[in-house]
Amino acid sequence: MSQAQAELCDFFFALKQLAAKMPLPNSATTVVATTVRPARNLAGSLRLPGDKSISHRYALLGALAMGVTELENFSSGADCASTLGCLRALGCAIEHHGGSVRVQGRGPQLELPAGDLDCGNSGSTMRMLAGILAGQNFASVLVGDESLSCRPMQRVATPLQQMGAQISGSEGFRPPLRIQGAPLRGISYHMPVASAQVKSALLFAGLLAEGQTEVEEPVRTRDHSELALRAFGAQVTRSGNRCSVAGGQKLEAIRAAVPGDISSAAFFLCAAAIFPESNLVVDGVLLNPTRAAILDVLTGMGVRISVLDIEEHHGELVGTVQVRHAGRVCGARIAGAQSAALIDELPVLAALAPYTEDGIEIHDARELRVKESDRIAAMAENLRAMGAEVDVREDGLRIAGQQPLHGAEVESFGDHRIAMASAVAALGASGELRIRNAAVVDISYPGFFSTLEGLLQR
Ligand code: S3P
């Protein structure tokens, strides 16, 4: 990242932090704040909108397949709508009504878009689509919102350039990304950063390339792309942390129901872990082992978790999970590969930490600093505003247990997971939490606040 870019991104972050400290002015132009009131218990059952990671991948591969891909329970989040919008701009006919999506596949060749491709807030859209655009016979430009425009793209550009595409970003390889597609050649690539988005971009590019593309990841990341490619009829091999795909394989459309999003479920699972009388059942939720580490961590902390049934659909495990409190919730130390496996759940684990006996320590999670916001700084700021002591390091946090929280007014930092994690932290506090710009939850989970409200007892 260049000095100028870094300063600009730091400036936006500092602005948001400043905004969080200012009293809310009473005017129509004010950013709306959502109030979360403390609760006495959480109980009931819920079913979640489709998993965001899987929804993106089924839509992208549906576009490259032959035939019509029919999806149910497609993610209701704005991120996946960004993927559909880009695919439409690339010539795919798409029908989208509620959770039902029909993608008319075009095969490997997409259409020259009339303008820039708007990825909104979605890093997954930009990085995974970059892999597909690298293999097209036209040039395209991927743009994003203020947050996405600060996120690193070099990690995906470097290997795609090695495969033959020409890619440039703005200074520091931030978006907009300009991609001149080309006939690609397969490569063998060792990823320096654990990123399922980058792995997926390379596998999708590999499908369009000549020869074999092999990707080795430093630690195992979510494997939805490998499973989805197989579901659409391609062969993908895996050995240890290495997977590979041969170019030129044809994809066939699928019909699928997207499993409920486990990263969204995590907010409710952690909320249930706060209350001694809680009892929550989550139906139809994704239980893919590369995504379900939150269940292991909570179990390790003493939360009683039962998997009531389990099925497999297109290689993905789906089931019903019941969560109950077990009298005491101890703490956890999360590090190494576990931090990568829990990358989207770490903010809500931080929110749970003050309610545990021994606190939560997170290491090796530097990637949190380059998500939709700097999630380490954002969670530290919000928990401190509620009265907690938080130790911050470059790659993680330590939050002691048994810290009483009080009401406050905090910022979402324009980050859906920070808004939802802060809401969870508020549930056992002594006063109300006002979260500014909490509507950002729509990025992954419109309806989050009303669903949460429906499960709470006061
Ligand atoms: C995702 C991968 C992760 C995750 C993101 C979704 C995916 O990002 O944080 O929310 O669907 O592949 P990275 O690939 O940057 O780790």
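Remember, it's 1-based here, ligands and their atoms both numbered in the order they're listed.
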Inset, instruction - Non-hydrogen atoms closer than 4.0 Å to ligand 1: which protein residues do they belong to? List them by chain and number, please. - result: S53, R57, S124, R127, A194, S195, A196, Q197, R222, I343, D344, K371

Inset, instruction - Give every residue pair that meets the salt bridge (Lys or Arg N to Asp or Glu O under 4.0 Å) criterion with at least one member in residues 80-108, sequence neighbours excluded. - result: E70-R102, E95-R102, R106-E111

Inset, instruction - Could you name each residue pair satisfying salt bridge (Lys or Arg N to Asp or Glu O under 4.0 Å) that touches residues 285-295, not counting sequence neighbours? - result: D51-R291, D261-R291

Can a salt bridge be assigned to the pair [X] and [Y] using a cut-off of 4.0 Å between side-chain N and carboxylate O?
X	Y	value
D415	R417	no
E217	K199	yes
E372	R151	yes

Inset, instruction - Could you note down all residue pairs passing ring pair (Phe, Tyr, Trp, His ring centres under 6.0 Å) where residues 185-229 supplies at least one of them, sequence neighbours left out? - result: none

